[in-house]
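Worth knowing before you read on, the calculation uses all heavy atoms, side chains too, and leaves out hydrogens, waters and symmetry mates.
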Amino acid sequence: QVQLVESGGGLVQAGGSLRLSCAASGRTDRRNAMGWFRQAPGKEREFLAVISWSGDTTGYADSVKGRFTISRDNAKNTVYLQMNSLKPEDTAVYYCAAGRYYSRTEGTYDYWGQGTQVTVSS
């Protein structure tokens with residue numbers, strides 16, 4: 001019912017910045033919480049950031065706190081992840097997700113994007 005389409009990934013040098021976008025379509029619910037996760041090869045999917053439906057509340061993993069910023073534009077049905085001061089250990093496939101709950105847990109999200117590759121070189 002809901003599709004999430006991501007863009008903005010790519011190759012960047014350490015210390016650089018990228019902004020990821022995720023546009024929602026279909027039977028969207030503007031009251032969905034939105035989250036960002038990432039997964040490196042051979043590793044578990046890792047929570048990064050979450051934002052409430054209103055945008056008033058955000059939460060971050062310690063590994064990205066102070067470097068990444070999540071935001072949303074409900075008029076455009078789009079969520080963003082601004083990534084600054086990127087490190088080689090940030091290299092992973094990045095996923096956006098939508099769900100009914102404000103949560104840091106992967107299993108609570110109902111819809112997922114296809115993933116976009118972010119590679120940070122040293």
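Residues passing the side-chain hydrogen bond (donor to acceptor under 3.5 Å, both in side chains) test with Ser17, sequence neighbours excluded: Asn84. Qualifying side chain to side chain contact (heavy atoms under 4.5 Å, CB included) partners for Asp73, counting only residues two or more places apart in sequence or in other chains: Ala75, Lys76, Tyr80. For Glu89, there are no side-chain hydrogen bond (donor to acceptor under 3.5 Å, both in side chains) partners two or more places apart in sequence or in a different chain. Remark: Ser103 engages Thr108 in a side-chain hydrogen bond (donor to acceptor under 3.5 Å, both in side chains) (not counting sequence neighbours). In this structure Arg19 satisfies the salt bridge (charged side-chain N to carboxylate O under 4.0 Å, His left out) test with no other residue, sequence neighbours excluded. Not counting sequence neighbours, Thr105 has no partner by the side-chain hydrogen bond (donor to acceptor under 3.5 Å, both in side chains) test.
A 4.5 Å side-chain heavy-atom check between Glu106 and Glu44 finds every atom pair outside the cut-off.
Grouped with Phe47 in one hydrophobic cluster are Phe37, Val50, Val93, Tyr95, Tyr102, Tyr109, Trp112, the linkage being side-chain heavy-atom contacts under 4.5 Å among Ile, Leu, Val, Met, Phe, Trp and Tyr residues. Tyr111 forms part of a hydrophobic cluster together with Val2, Leu4, Val12, Leu18, Leu20, Met34, Trp36, Leu48, Ile51, Tyr60, Val64, Phe68, Ile70, Val79, Leu81, Met83, Leu86, Tyr94, Val118, Val120, judged by ILVMFWY side-chain heavy-atom separations under 4.5 Å. Here Tyr101 is tied to no hydrophobic group at all, with no ILVMFWY side chain closer than 4.5 Å.
For residues 33-42, every residue pair satisfying the salt bridge (Lys or Arg N to Asp or Glu O under 4.0 Å) rule, not counting sequence neighbours, is listed here: Arg38-Glu46, Arg38-Asp90. Residues in residues 1-15 take part in no side-chain hydrogen bond (donor to acceptor under 3.5 Å, both in side chains) pair, two or more places apart or across chains. For residues 51-64, the pairs satisfying salt bridge (Lys or Arg N to Asp or Glu O under 4.0 Å) are Asp62-Lys65, with sequence neighbours left out.
Heavy-atom minimum distance, Ala40 versus Ala92: N-CB, 3.9 Å.
Side-chain atoms of Arg72 come within 3.5 Å of backbone atoms of Ser52 as a donor-acceptor pair (strictly under, hydrogens ignored).
The SG atom of Cys22 sits 7.5 Å away from the CD atom of Gln114 when rounded to the nearest 0.5 Å.
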